[in-house]
Structures are given as C-alpha cells and as structure tokens.
**Q** 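Sending over a structure as structure tokens; questions will come in a sec.
The structure presented is a predicted model; accordingly, all values stated were derived computationally and were not measured. Here is how names work: the chains are called A, B, and so on, in the same order as the sequence lines, proteins then strands, and each is numbered from 1.
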Amino acid sequence: MGHKHMGSWISPNSLDNTSYSYHLAKWAEFIRTCDPDILTGYNIQNFDFPYIFDRAKHLKIDSVVHQLSRVRNVPCKIRDQMSQSKQMGNRVNKQISIEGRIIFDVLQVILRDYKLRSYTLNSVSYHFLNEQKEDVEHQIITDLQNGSPLDRRRLAVYCMKDAYLPLRLLEKLMSVINYMEMARVTGVPLNFLIFRGQQVKVISQLMRRTKTQNLFLPVVEGGQSDDTYEGATVIEPMRGFYNEPIATLDFASLYPSIMIAHNLCYTTLLKGCPENLKEGEDYTKTPSGNYFVKPSLRKGLLAGILEDLLSARKRAKNELKNEKDPFKQMVLNGRQLALKISANSVYGFTGATVGKLPCLEISQSVTSFGRQMIDLTKNSVEEMFKAGALDGLVKQDAVVIYGDTDSVMVKFGVETVQEAMTLGLKAATEVSKKFVQPIKLEFEKVYFPYLLINKKRYAGLYFTKPDKHDKMDCKGLETVRRDNCPLVATVLNKCLEMLMIDRNATASLAYAKNVISDLLCNRVDISMLIISKELTRRGEKYQAKQAHVELAERMRQRDPGSAPRLGDRVPYVIVAKGKKVAAYEKAEDPIYVLRNGIPIDTRYYLENQLAKPLARIFDPILGDKAESLLINGDHTRTKTVAQIKVGGLAKHMKVIPTCIGCKAVLQKDSNGALCAYCLPRRHLIYAEKVARLKVVQRHFGRLWSECQNCAGTFQEEVLCSARDCPIFYMREKVRLDLHEQMQIVDRLSKA
DNA sequence: TAATGGTAGGGGAGGAAACCAGGATCATAG
DNA sequence: TAATGCTATGATCCTGGATTCCTCCCCTAC
C-alpha cells in the first residue's frame with residue numbers, strides 16, 4: 001500500500017478480522033442498497049477498489065464483496081491494463097467492471113482534461129476550489145486508528161474530506177454533464193470516454209453512419225507500418241518585438257472544413273486517375289495527387305460526422321456567449337474544445353497507421369490542402385494590402401510575419417488596434433471568398449504589442465475589442481510549460497507583464513535582477529524551485545540518463561511504495577554537489593532536501609533555468625548583451641551558501657564551536673558561547689538573539705495556524721505533509737530555523 | 001494481451017567526436 | 001681524433017579541458 005493518492009482505508013492490523021470482515025460486508029451491502037449509477041472518488045480505480053477486493057480476498061469474503069453489480073450473479077471483474085496513447089502517454093491502469101454502474105474516477109478525468117503541474121488531490125483541489133485538505137501520511141493513519149477517540153474522529157474527518165472534495169470537483173467542473181454530452185454525440189458508453197482513446201469515438205460514429213447506409217466497415221489487418229506523411233507548414237517567423245498592432249487571421253476548424261469542402265472520405269476515394277470522369281466536375285485531384293469524387297456523385301460519411309460535431313460545437317459556443325458566470329464559461333469552453341478535438345481527431349484517425357482504419361490518402365490530402373491554403377492566404381493578404389490599396393486606406397505594405405498551420409499574423413503597419421481590426425476583418429472576408437464552402441478565414445484578434453521569439457513561441461497582449469486588452473497570451477514559452485520550476489514561470493510572466501502592460505523595460509529588468517539576487521542569497525522558497533517531469537516509460541527503456549528517471553529509481557530503492565510510477569510526474573530540485581557533476585546526479589526529492597537541510601544549487605537555477613528564458617525575452621529589446629547582464633551583474637555578487645547537514649562529506653566533518661557574536665573560532669577555555677572579545681557585550685547579544693527567536697516564533701505561529709485553519713483543527717497538532725502546498729514547505733523551513741535559534745539562545749543562557 | 005488521433009518544432013541535457021593547448025618524452029644536431 | 005656529456009630544438013604522443021554536433025526526451029502549437 002502507499003501510493004500517493006491513497007484513499008482512506010484503515011489498516012487491517014488495527015482490527016480483528018471478524019470485525020473488519022463485518023464492516024467490509026456491510027459496505028458492499030450499503031452499495032447494493034443505495035444502488036448508485038456512478039461511483040466516484042479520487043484514484044479509486046487504481047487504489048481503493050483494488051485494495052477493497054484484495055482485502056475481501058484475504059478475509060475470504062470476496063464472494064460477498066464482489067457482488068456489487070446490478071446484474072445478479074455477475075461479479076465485479078478487475079484486471080490490469082497497459083494503455084498507451086499520444087494524448088495520455090504510457091500508463092498502467094486497473095480496469096474494473098461493475099455491470100450497470102460506472103466508475104467515474106475524478107483523477108482520471110482530471111488527467112485527461114487538464115494539464116497541471118501536479119495531480120494530487122490537494123493540488124487539484126487547491127487549483128479548482130481554492131481549498132485543501134490535511135494530507136496525512138499513510139504511516140500515521142494506523143496510529144490514528146489505534147489512538148484515542150479524538151484521534152479516530154480526526155481520521156474520520158480526514159476520510160470525509162477525501163470523499164467530499166472529489167464530489168465538489170465533479171460538481172464544479174461539470175464533468176459528468178460534459179461527458180454525457182460527449183457520449184451522446186459520439187455514441188460510446190460513458191466509461192469508454194475515461195479509459196479508452198479517441199479512435200473508438202470515431203469508429204462508433206462511423207458505424208452509426210454505415211448502418212443507415214447499409215455499408216460494412218472493412219477489417220484492416222493493421223500491419224505495423226511506420227510510414228508517415230508530411231504535415232502542416234509553419235511560416236518562418238520574422239522574430240522581434242513589435243510595438244505595433246499585429247492582426248491574426250485563423251481558419252475555423254481547418255482540417256474538418258477541408259474534409260467537408262473537398263468531400264474527403266473512405267467512400268469517395270478513387271484508386272488511380274479515373275478516365276471516364278471529368279476533373280473539377282466529377283472528382284477532385286488533391287495537391288498530394290489523390291482523387292476523390294465530388295458530393296454530387298456521392299457524399300462522404302466523414303463529412304456528415306464532421307458536420308454533426310461542428311454544429312454541436314457551434315451550439316456550445318453560443319451558450320458560452322450567453323453565459324455570465326465565469327466558471328461556467330470555462331466549462332462550456334471546455335466542452336466546445338472537446339468537440340473541436342473530437343472533430344480534429346477524425347483527421348487524426350485516418351492518419352493513425354496503427355489504428356483500425358488508416359487511410360493516408362485522406363490525411364495527406366488534408367494536410368496538402370492546408371499547406372496550399374496558408375500559402376495562398378499569405379500571398380493574397382500581402383498582395384491585396386499593398387501601400388495605397390483600398391483608396392489609400394492602407395498606409396504601408398502588409399507583411400505576414402508568422403503563421404502556423406491555420407493562422408497568419410499580419411503586420412498592417414497601422415498604429416491603433418482599431419485600425420488593425422478593420423483591416424483584419426476586411427482581409428478575412430476577402431480571402432475567404434477564394435475558398436470552397438464551408439472553409440472560412442476568420443479575423444480573431446489583435447496582438448499589441450507582440451513578442452515573436454521563434455516558431456511556436458510568442459507572447460502578446462490579446463485584444464478582441466479596441467479599447468482594452470483581454471489578457472496576456474503566451475504560447476510555447478516557459479510560462480506555459482510544466483517542465484521548469486515555478487520560479488521561472490512566475491518571473492518570466494511578471495517580466496512580460498511589465499514589458500507589455502506597463503511598457504517599462506527598465507523596471508522589468510530590475511525586477512529580474514532582484515529575483516536573481518534573492519535566489520543567490522537563498523531567499524527563494526523551495527516550493528518555487530521544484531521541477532517536475534513525467535515518467536513516460538519504464539526505467540530500462542530509457543537510452544539517455546535523465547534527472548527525473550534517475551531520481552525515481554533512487555526513490556524506488558529507498559521506498560518502493562511511495563516512489564513515482566509509470567505516467568506520474570516526478571518532482572525534484574537540484575542540489576549543490578559541485579560544478580562538474582551531471583544534473584541527473586544532483587536531482588533530489590524536495591521533501592528529503594527540506595528535512596535534511598541539503599543546500600540548493602542556486603547557480604544551476606540561475607544558469608540553467610532562469611538565464612536563457614529571460615535572455616530570450618530581453619534580447620529583442622536590449623540586444624545580445626542581455627544574458628551576460630543578467631548572469632554577471634552586480635546583483636550576483638552576494639551569495640549565501642547553506643550548510644550541508646547530511647550525506648557525503650558531512651559525516652566526516654566536525655563541528656567547531658564558534659562565537660555566537662562574531663563567528664570566530666572559540667578557544668578551549670571559553671564559556672562555550674562567546675569569545676573573549678564579545679563577552680563584554682553579552683547582554684546585547686543575548687537580547688538580539690532572543691528578539692530574533694521571537695520573530696521566528698511568530699512566523700512559525702502564523703504558518704501553523706494557517707495549517708490548522710486548513711486542516712480544520714485548532715486543538716491538536718497539525719499532521720499535514722502536503723507535497724504541493726507552499727505553506728507546508730515554509731512551515732518546515734521555519735521549523736528548522738526555529739530549532740536553530742532555540743539552540744543558540746540555549747547556549748547563551750547556559751554560558 | 002489489447003489497444004493506441006496526427007505532424008512540426010523548440011529547447012534542454014547527455015554523450016560522442018573533433019579540436020586544441022600544454023606537458024612529457026625522445027631523437028637529433030651541435 | 002674519437003667518445004662522451006650536455007643543451008637546444010623540434011617532432012611525436014598523451015592528456016585534460018573546451019567546443020561542436022548529434023540524439024534523446026519532454027512538452028507544446030496547431
């Protein structure tokens with residue numbers, strides 16, 4: 001036992017078997033009496049249910065406990081399932097089937113729908129509900145159960161919260177509603193949406209269509225072919241900082257609309273060039289050299305499916321427009337995004353060479369049309385909006401500075417957002433006329449200012465109305481990536497805000513320098529320095545050594561129960577071990593580092609985490625001196641190196657007593673606290689140290705009561721060890737400080 | 001075993017290969 | 001005069017460090 005999303009099951013050792021059997025059997029009876037449609041919880045699929053069934057087997061009452069289904073005499077089944085997909089990565093899951101009920105595991109839903117830095121119940125609850133629970137380590141659970149009635153009450157409260165938070169999450173995220181909607185649209189059972197991929201949804205829709213038209217789906221022997229095809233164009237960016245409005249034009253649902261417009265489908269594909277038909281009238285030749293008949297001869301199945309999905313999306317978008325509550329807006333946005341992804345995965349399905357029905361003729365035709373269209377768009381916009389065009393309305397030649405797959409960013413050379421919007425709108429309607437229905441180029445937004453760093457990496461202030469920006473939009477930058485530490489993300493975000501919103505480069509740079517100085521002086525909280533990466537495959541499948549993989553292996557050797565498993569994100573910090581040591585040797589578990597006071601390699605964080613991303617955003621403004629300015633400036637002079645307390649050399653070191661007042665090495669004949677020079681100032685030093693102790697105590701008290709508040713206990717000790725809670729890290733750090741200060745004062749008063 | 005949407009692309013880290021400077025060693029001339 | 005000792009010089013090889021290039025890996029954009 002002991003996965004991190006453990007549920008709240010008491011250890012069987014703490015009860016005699018008969019009593020435990022009784023409760024477990026009662027629990028199964030309770031389920032049968034309640035007769036729920038949906039069973040939910042957090043990680044119940046991979047922890048709680050397997051655990052219950054294991055216990056039942058051990059207690060020899062599995063025949064009772066397994067009878068949870070709605071069909072008499074069909075017991076629950078449980079089996080291991082190795083799943084791998086591009087969307088979800090590799091994962092080992094338990095698959096539990098209870099006839100007539102659905103296991104709706106909130107963790108699985110969150111994993112699927114949201115990209116987060118951490119997926120513990122605590123972290124997720126904090127993210128969505130702004131609320132946490134006391135996270136009790138699993139070893140303590142047994143102690144609590146064996147303790148006083150008050151302890152057991154506490155355990156009960158903890159368990160309640162463990163069950164209550166997932167419910168709150170479901171309610172707030174409207175997951176069940178959204179999944180039902182998806183199940184209706186695609187025609188697959190609800191639980192397929194949780195434990196299976198995108199393909200099954202497309203297959204299901206295809207089957208529906210084929211049935212109405214009396215067609216059969218062929219069974220294709222999936223040869224393990226690894227042939228690929230050419231994808232989309234990414235226009236070479238004209239990198240730089242644009243202090244002028246940049247308009248963006250997007251194709252709405254590019255790939256689905258191409259498939260509808262050109263009738264690309266399995267049922268319309270012609271093998272080879274048809275001789276008795278007319279090109280353009282009866283059939284289309286795609287830019288990749290494939291042939292498809294026109295809708296007048298036969299309308300494709302895929303077109304129909306896509307039209308359904310797109311109209312569902314349009315409905316969701318309309319609801320979104322009328323919704324006032326910002327959170328419901330977010331959820332509706334999620335729904336329309338899910339429908340968009342479903343529509344896009346129809347294209348993906350035809351290109352999935354390991355899938356049920358691959359058809360590269362379709363997918364490569366789609367992308368080739370896409371490439372042709374973005375080229376045409378770029379050229380027509382630049383052609384149409386030359387200086388002097390539209391009766392002199394256009395002041396400068398329009399330039400497409402960047403574009404990716406279905407979008408182009410246009411610099412019209414105007415000064416205001418309003419002008420850019422007018423021209424953008426004009427361009428979108430004009431260019432749309434060049435394409436077949438329902439392909440449509442839309443004007444969506446204006447960026448002003450716009451920082452274009454590289455392909456797939458940019459930031460800008462996002463305007464949809466001329467007077468005020470909606471938000472700051474960052475794409476591909478470290479602020480939206482999860483494989484760096486939060487410090488990088490927050491600093492970069494703040495700097496970008498100062499650059500874009502306040503338009504103050506000097507202040508922005510000063511802020512960055514300030515943070516760097518804080519970092520080098522150890523004033524940055526450790527929770528800001530935690531890097532996390534996903535364990536995407538089994539240890540032996542990695543060819544190259546990597547920090548998170550090596551650490552996961554070390555943790556497995558320390559404690560196999562709590563070590564990260566396949567598909568988990570591994571959090572780590574880089575500790576000081578010398579300059580020449582590889583990063584994978586310096587990665588360490590944050591809690592371990594905190595508990596043992598191991599010093600952080602702040603230089604690593606400066607040079608390998610902060611420096612490059614910051615340099616990249618300051619570069620276009622300050623020129624290429626930006627990086628050296630950041631790394632070597634005056635603000636990097638002062639450093640504090642924390643003392644090593646464990647491991648390595650520490651055990652060979654002897655602590656030499658030093659003077660509390662001036663840190664000078666103490667002579668043998670001193671009183672054990674102060675040197676001869678400081679001795680006369682004894683009272684002053686004592687007062688100062690006591691004052692310092694008071695400050696630390698107060699700080700600790702504040703954090704402690706915050707934790708008590710969160711845990712909902714004001715009488716007892718806080719047990720929480722939530723790995724994702726910044727307060728927890730601060731509390732632990734201050735606890736160490738407090739201990740140190742108390743020792744100092746102790747030494748002084750004894751002397 | 002059964003099941004698995006796609007390609008394009010940036011960027012960090014590790015590791016091999018190419019490169020270079022400096023020292024040790026040795027042969028040779030004088 | 002021949003043999004020997006010594007030094008200066010240059011060639012060669014080895015070694016450690018810095019640099020470059022390539023590949024792997026993660027994560028994102030669309």
Side-chain angles (χ1 to χ4, degrees), chain A residues 79-91 93 95 115 117 192 195-203 222 224 227-237 239 248 250-251 253-255 337 340-360 362-364 366-368 370-371 374 402-408 453-458 473-484 488 531-537 541-550 569-570 574 580-587 604 607-609 611-613 616:
Chain A
R79 65 187 178 92
D80 283 320
Q81 181 203 28
M82 171 84 185
S83 72
Q84 52 176 304
S85 78
K86 278 279 158 57
Q87 186 195 359
M88 301 283 298
N90 289 357
R91 235 167 221 115
N93 278 323
Q95 199 187 311
K115 297 229 173 247
R117 278 178 184 262
F192 275 31
F195 72 89
R196 296 192 55 176
Q198 296 285 340
Q199 289 208 38
V200 68
K201 292 198 267 186
V202 183
I203 286 271
Q224 289 286 341
D227 50 339
T228 52
Y229 57 93
E230 196 180 338
T233 310
V234 183
I235 296 174
E236 190 61 37
R239 301 167 181 81
T248 3
D250 286 49
F251 285 105
S253 306
L254 179 70
Y255 287 177
L337 224 56
K340 179 186 171 180
I341 290 169
S342 285
N344 269 331
S345 58
V346 173
Y347 148 76
F349 176 79
T350 65
T353 44
V354 287
K356 280 265 184 288
L357 206 58
C359 181
L360 294 195
I362 297 178
S363 41
Q364 71 188 11
V366 171
T367 56
S368 65
R371 289 195 297 275
I374 197 167
Y402 178 56
D404 185 346
T405 312
D406 63 353
S407 65
V408 287
I453 289 172
N454 218 333
K455 283 182 175 178
K456 299 185 191 286
R457 293 169 72 84
Y458 58 82
D473 202 20
C474 295
K475 288 290 161 71
L477 301 184
E478 284 71 14
T479 48
V480 297
R481 292 183 67 90
R482 295 175 295 169
D483 54 356
N484 49 50
V488 175
I531 305 167
S532 76
K533 285 197 171 74
E534 188 183 324
L535 208 55
T536 56
R537 54 194 90 173
K541 299 253 176 163
Y542 279 98
Q543 293 181 44
K545 290 191 169 178
Q546 298 207 99
H548 65 297
V549 183
E550 298 289 308
R569 295 188 69 80
V570 186
I574 299 291
K580 291 286 151 204
V581 186
Y584 61 80
E585 290 177 49
K586 298 203 276 186
Y604 174 91
E607 285 169 10
N608 298 46
Q609 290 271 317
K612 292 238 170 82
R616 274 193 291 266

**Q** Assess the residue pair A:S532 and A:R117 against the criterion (side chain to side chain donor-acceptor pair (under 3.5 Å)); give the C-alpha distance rounded to whole Å, side-chain angles, the decisive distance to 0.1 Å, and a yes or no.
**A** CA-CA 7 Å; A:S532 76; A:R117 278 178 184 262; 5.5 Å; no
**Q** With the 90 degree cut-off around zero defining syn, does B:dT1 come out syn or anti?
**A**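 Classified syn.
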**Q** Within the structure, does a side-chain N or O atom of A:Y584 lie under 4.0 Å from either OP1 or OP2 of B:dG15?
**A** yes
**Q** Can a side chain N or O of A:R371 be found less than 4.0 Å away from OP1 or OP2 on B:dT7?
**A**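 For B:dT7, OP1/OP2 do not have a side-chain N/O of A:R371 under 4.0 Å.
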**Q** Is there a side-chain polar atom (N or O) of A:T536 under 4.0 Å from OP1 or OP2 of C:dC26?
**A** yes
**Q** Locate the shortest heavy-atom distance separating A:K456 from A:Y402; write the atom from each residue and the value.
**A** N-OH, 2.7 Å
**Q** Do any N or O atoms from the side chain of A:R371 and from the backbone of A:G231 form a donor-acceptor pair under 3.5 angstrom?
**A** yes
**Q** At less than 4.0 Å, is any side-chain N or O atom of A:Q546 found next to OP1 or OP2 of C:dC26? Yes or no.
**A**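 Answer yes for this pair, as a side-chain N or O of A:Q546 is under 4.0 Å from OP1 or OP2.
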**Q** Is a side-chain donor or acceptor of A:R616 paired with a backbone partner of A:N454 at a separation under 3.5 angstrom?
**A**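 Such a contact is absent between A:R616 side chain and A:N454 backbone.
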**Q** Rounded to the Å, how far apart are A:Q364 CD and B:dG6 C1'?
**A** 13 Å
**Q** Regarding A:S407, tell me which of base, sugar-phosphate or nothing describes its non-hydrogen contacts under 4.0 Å with the strands shown.
**A**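 Nothing: the residue A:S407, judged by heavy atoms under 4.0 Å, touches no strand.
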**Q** Strictly below 4.0 Å: does A:R481 bring a side-chain N or O up to OP1 or OP2 of C:dA29?
**A** no
**Q** Grab the CE-C1' distance between A:M88 and B:dG6 for me, whole Å please.
**A** 18 Å
**Q** Less than 4.0 angstrom between a side-chain N/O of A:R457 and OP1 or OP2 of B:dG11, yes or no?
**A**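 Yes, such a contact exists.
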**Q** Could you give the distance separating C:dT4 and B:dA29 at their C1' atoms, to the nearest angstrom?
**A**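 Nearest-Å result for B:dA29 against C:dT4 at atom C1': 15 Å.
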**Q** What integer distance in Å separates A:R79:CZ from B:dA3:C1'?
**A**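 Those two atoms, CZ and C1', are 10 Å apart.
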**Q** Consider the side chain of A:V480, meaning its heavy atoms from C-beta on, and name the nucleotide among B:dA8, B:dT4, C:dT28 that approaches it most closely.
**A**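 The closest nucleotide is C:dT28.
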**Q** Of the options C:dC26, B:dG5, B:dG11, whose atoms approach the side-chain atoms of A:A352 most closely?
**A** B:dG5
**Q** By the 4.0 Å heavy-atom rule, please label A:E534 as base, sugar-phosphate, or nothing.
**A** sugar-phosphate
**Q** With a cut-off of 6.0 Å (strictly less than), are more than 12 heavy atoms of other residues, nucleotides or ligands near NZ of A:K455?
**A** yes
**Q** Less than 4.0 angstrom between a side-chain N/O of A:Y604 and OP1 or OP2 of B:dA13, yes or no?
**A**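 Yes, such a contact exists.
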**Q** Can you check whether A:N454 has a side-chain N or O nearer than 4.0 Å to OP1 or OP2 of B:dG11?
**A** yes
**Q** Tell me which nucleotide among C:dC25, B:dG14, B:dA8 gets nearest to the side chain of A:K545.
**A** B:dG14
